[in-house]
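Every number for a ligand or one of its atoms is a count from 1 in the order of the listing. Please read these numbers as outputs of a predicted model, since none were measured by experiment.
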Amino acid sequence: MLKLMNYEIRCTSCHKASVSILDFRCPSCGEPLDLGLDFNFEPGLVQMKNYSAWRYSRFYPYVDAKDTVTLGEGWTPLVKFSNNLHFKLDSLNPTGSFKDRGSTTLISAIHRLVKKQRGSIAEDSSGNAGASIAAYSARAQLKAQIYVPESVSGPKFNQIKSYGMPVVKVAGSRSEVAERAQKAEKGKLYVGHIFHPFFRDGIRTLAYEIAEQFNWKTPERVYLPVSAGTLLLGVISGFRHLVDSGTISDLPKIIACQTRQVSPLYHRIRKLEYKAPKKVTSIADALVSTNPPLLDLMVKELQETDGDAEMVDEGEIMNAFTELAHKGFFVEPSSAVAYAAHQKQLRNKEVSKAEKTVIVLTGHGLKTTLQPAS
Ligand SMILES: [Zn+2]
């Protein structure tokens with residue numbers, strides 16, 4: 001298909017353009033890369049008969065239709081929970097988490113070149129992105145070596161192995177897992193999902209879908225669980241693109257939701273000092289980035305778009321997890337963090353029930369080994 005649009009990949013710090021699609025960080029200064037979109041979103045170009053994230057393929061100029069690696073991700077249900085509160089069920093993606101939106105764009109964009117050059121990739125993850133990259137690599141017939149923290153949940157570990165990909169458990173913090181993966185063995189190419197701009201860029205479709213499912217009207221608030229920041233940055237990028245293109249008139253207020261243990265963004269936004277625990281023991285095991293490499297970028301984007309951050313403790317997460325499940329929504333505790341944050345803000349009267357709100361439920365409950373409250 002003819003792609004009409006253009007894009008560029010630039011460093012977020014020195015603004016140098018990147019020349020290889022395999023670069024995961026700036027080749028000059030090492031800072032994260034960002035993808036600039038030099039085209040407008042147009043609702044008329046949405047492929048209405050494609051019921052996946054690829055209904056927006058016209059806005060992904062770096063993926064050729066013949067190279068698309070898909071498992072049917074995206075176009076997940078937006079369900080009304082109560083009057084003005086809606087859940088976006090991204091836990092229903094093919095591998096059970098929103099990460100599939102990023103994996104489909106990243107693997108689609110690079111799989112031919114990877115095969116030509118080396119044939120295998122390396123990735124690090126707390127579990128969900130690893131499972132997702134493993135699945136899309138399997139679909140593309142690539143080999144992917146996945147590095148995970150020792151604390152990875154059993155179901156996530158088994159899921160990655162089931163896709164036929166080798167998994168390495170690494171002792172230490174989330175940053176140490178990333179370091180280990182970046183020192184990938186000879187012949188493997190590191191495509192860390194946190195860094196690679198094509199992964200983050202795939203998350204744009206989540207914002208497009210929320211807007212389209214509301215008939216191109218913006219909800220007033222969107223609550224997201226935030227750890228490494230790919231979900232937050234991708235969703236902001238999507239909504240900004242819609243506003244810049246004139247498709248919607250206002251940005252929603254984005255609330256980045258964190259656990260008390262892992263809340264570097266919350267603390268930075270509130271100008272408080274954050275001290276990471278020696279070991280993260282939260283039941284929200286997908287939210288483990290105590291020192292996220294994209295923190296500066298997250299702060300900048302959240303402030304520029306008038307967003308906010310919220311923090312919840314373990315008891316609030318457990319209550320939210322239980323309450324959601326008792327109403328039929330079985331999600332992993334990390335997803336319940338966003339619902340817990342919304343409930344907290346309702347209690348504190350920082351948000352009203354009259355505000356049209358979306359909570360993104362990011363990961364499936366079958367990924368957890370958490371015992372239900374009796
Ligand atoms: Zn740079």
Check your understanding: What angle sits at the Zn ion (ligand 1) between SG of Cys26 and SG of Cys14, to 10°?
Key -> 110°
Review point. Can you give the angle Cys11 SG - the Zn ion (ligand 1) - Cys29 SG, rounded to 10°?
Key: 100°
Exercise for review: Might you work through the side chain to side chain contact (heavy atoms under 4.5 Å, CB included) test for Ile255 and Leu224, ending with a clear yes or no?
Suggested key: CA-CA 6 Å; Ile255 315 292; Leu224 311 164; over 6 Å; no
Check your understanding: Any donor and acceptor pair, going by atom type alone, linking the side chain of Lys115 with main-chain N or O of Ala140 inside 3.5 Å?
Key -> yes
Practice item. Answer yes or no as to whether an N/O/S atom of His15 is found below 2.8 Å from the Zn ion (ligand 1). Key: no
Practice item. Kindly assign one of parallel, tilted or perpendicular to the pair Phe330 and Phe321, based on the angle between their ring planes and the thresholds 30° and 60°. Key: tilted
Check your understanding: Looking at Glu350, Glu310, Glu355, which one forms a salt bridge (charged side-chain N to carboxylate O under 4.0 Å, His left out) with Arg221?
Key -> Glu355
